Amino acid sequence: MKRVLITGGAGFLGSHLCDRFIKEGYHVIAMDNLITGNIANIEHLFKLGQFEFYNHDVTKFVHVAGPLDYILHFASPASPIDYLKIPIQTLKVGSLGTHNILGLARAKKARVLVASTSEVYGDPQVHPQGEDYWGHVNPVGPRGCYDEAKRFQEAITMAYHTYHGLETRIVRIFNTYGPRMRLDDGRVLPAFIGQALRGEDLTVFGDGSQTRSFCYVSDLVDGIYRLLLSDYPYPVNVGNPSEITIKQFGDEIIKLTGTRQKMVHKPLPQDDPKQRQPDITKAREILGWEPKISREEGLRITYEFFKKQLGQ
Ligand code: UDP
């Protein structure tokens, strides 16, 4: 049985990755310090002999007994509200944490995949964003702690690849949604759905003309799985190119939830990217991957999850 370590394994993406690797027949070791992760996301796996959980902070020396074939480094706060609250931990997990994980991968002769982000492109001046675009990031702005940690993460991962010959994979993840997102993580989707369910107005930041492209979680996980098993060591965008303004997104949530509330405008946060859409040519060509779940279908599933969470 192949053995995989998933850091951030109790988080939104990490827990869905645990599910996928369990389903594929791997022995899965999830590691998380539960700062933003939630044990409830992986509770259903504890009864399985092929699953283990380590409550550990990857910025401290990481020890895992026995062999490892693969490591997926997904530990990090990832929503603007979280990394504004814990900027130092965010910088540490992307830098020191990644260094520990790369050292562990070397010691175990394991292949490592690191979770990077569309935030490496910052507030992009190129549209859509292809992997060869270097980005437009403000290092000292509110998003700097996340964006620069992830940029450092990519750099040190490439250095381990070129200098030590480590097998590395880098996924640049665009906005992703689905069950197990936290209702209070401040992201636009849980914010809007939570507001609709509580009978509050939907808070649109700025005039709502900024765009995002939302990918359903199972599509993302499939892209990551394919990238890990590919032989491509450089960054690959994984996301859904279907782009929408935040105002249109608000309209879709109002329709989906049937709420009678309206949209109200709040100030646009500093350095909020104006537009974002992945160019997924590489993922199509190298991984034979593209998203399958439409926003309509993905939002319906996610809405049911949040309704259950709020006991409605
Ligand atoms: N946003 C919004 N209302 C909210 C939360 C977010 O209008 O209650 C906007 C936010 O300004 C951004 C977009 O929605 O332009 C996506 O924000 P999110 O935090 O989900 O992700 P990110 O900015 O990291 O893509």
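Note that the structure is predicted; figures quoted are calculated from it, not measured. We count residues from 1, following the sequence as given.
Counting only distance, with no hydrogens or angles, the side chain of N41 and the backbone of A10 share a donor-acceptor pair below 3.5 Å. Using a distance-only test at 3.5 Å, with no hydrogens or angles considered, a donor-acceptor pair links the side chain of T7 to the main chain of F74. Within the 3.5 Å criterion, the main-chain N or O of Q129 finds a donor-acceptor partner in the side chain of N237. When atom types are taken as modelled, the side chain of H16 and the backbone of P179 share a donor-acceptor pair closer than 3.5 angstrom. Although no hydrogens or angles enter the test, the distance criterion places a donor-acceptor pair under 3.5 Å between the side chain of D219 and the main chain of I293. Without hydrogens or angle criteria, E148 side chain to V137 main chain gives no donor-acceptor distance under 3.5 Å. Counting only distance, with no hydrogens or angles, the side chain of H265 and the backbone of G206 share a donor-acceptor pair below 3.5 Å. Within the 3.5 Å criterion, the main-chain N or O of Q125 finds a donor-acceptor partner in the side chain of Y133. In this structure, the side chain of D201 does not engage the main chain of Q261 through any donor-acceptor pair within 3.5 Å. Between the side chain of W289 and the backbone N or O of I224, no donor-acceptor pair lies under 3.5 Å.
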> side-chain contact (heavy atoms from CB on, under 4.5 Å) between R180 and N38: does it pass, once the steps are laid out?
Replying inline: CA-CA 9 Å; R180 301 186 193 153; N38 181 357; over 6 Å; no
>> Let's go through S209 and D207 carefully: what are the C-alpha distance in whole Å and the side-chain angles of both, what is the deciding distance for side chain to side chain donor-acceptor pair (under 3.5 Å) to 0.1 Å, and is it a yes or a no?
In response: CA-CA 6 Å; S209 64; D207 63 4; 2.7 Å; yes
>> With side-chain contact (heavy atoms from CB on, under 4.5 Å) as the criterion, how do D69 and Y26 come out once you've worked through the C-alpha distance, each side chain's angles and the decisive distance to 0.1 Å?
In response: CA-CA 10 Å; D69 298 284; Y26 289 73; 6.0 Å; no
>> Run the side-chain contact (heavy atoms from CB on, under 4.5 Å) test on R151 and E154 for me, step by step, so that the C-alpha distance in whole Å, both residues' side-chain angles and the decisive distance to 0.1 Å come before the verdict.
In response: CA-CA 5 Å; R151 289 171 68 96; E154 289 198 7; 5.8 Å; no
>> Does S116 form a side chain to side chain donor-acceptor pair (under 3.5 Å) with Q153? I'd like the steps, not just the answer.
In response: CA-CA 8 Å; S116 188; Q153 178 184 59; 4.8 Å; no
> So V188 and F214, side-chain contact (heavy atoms from CB on, under 4.5 Å) or not? Walk me through it.
Replying inline: CA-CA 11 Å; V188 66; F214 297 98; 3.7 Å; yes
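Taking the six-membered ring where tryptophan is involved, the planes of H99 and Y160 are perpendicular, since the angle between them exceeds 60° and thus also 30°. A tilted orientation is assigned to the rings of Y121 and F174, their planes being inclined by 30° to 60°. Under the 30°/60° scheme for interplanar angles, the aromatic rings of Y146 and Y83 are found to lie parallel.
Between the side chains of N240 and S242, no donor-acceptor pair of N or O atoms lies under 3.5 Å. No side-chain N or O of T211 forms a donor-acceptor pair with one of Q277 less than 3.5 Å apart.
Side-chain atoms of T259 and F192, non-hydrogen and from C-beta on, never get closer than 4.5 Å to each other. Residues I253 and I193 are in side-chain contact: their nearest non-hydrogen atoms beyond the backbone lie under 4.5 Å apart. Residues L5 and R3 are not in side-chain contact: their nearest non-hydrogen atoms beyond the backbone lie 4.5 Å or more apart. Annotation: side chain of Y177 is in contact with side chain of L299 (closest heavy-atom distance under 4.5 Å). At least one side-chain heavy atom of M263 sits less than 4.5 Å from a side-chain heavy atom of D251.
Pairs passing the salt bridge (charged side-chain N to carboxylate O under 4.0 Å, His left out) check and including a residue from residues 115-139, sequence neighbours excluded, read E119-R143, E119-R276, D123-K274.
Within a 6.0 Å radius of NZ in K92, no more than 12 heavy atoms belonging to other residues, nucleotides or ligands are found. More than 12 heavy atoms of other residues, nucleotides or ligands lie within 6.0 Å of CZ in R198, so this atom counts as buried by the packing criterion. The 12-atom threshold is exceeded at NZ of K108, counting heavy atoms of other residues, nucleotides or ligands nearer than 6.0 Å. The environment of Y234 atom OH is sparse: at most 12 non-hydrogen atoms of other residues, nucleotides or ligands sit within 6.0 angstrom.
Salt bridge present: K307 and E304 bring a charged side-chain N and a carboxylate O closer than 4.0 Å. Ion pairing between a basic and an acidic side chain is recognised when a charged N comes within 4.0 Å of a carboxylate O; D82 and R182 show such pairing. Salt-bridge annotation for D222 and R226: present, with a side-chain N of the basic residue lying under 4.0 Å from a carboxylate O of the acidic one. Contact check on K2 versus E24 returns no salt bridge, with no Lys/Arg side-chain nitrogen under 4.0 Å from an Asp/Glu carboxylate oxygen.
Taking the six-membered ring where the residue is Trp, the centroids of F21 and Y225 are separated by under 6.0 Å.
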Compile the donor-acceptor pairs under 3.5 Å between side chains in residues 61-68 and protein atoms, sequence neighbours left out, one pair per line.
none

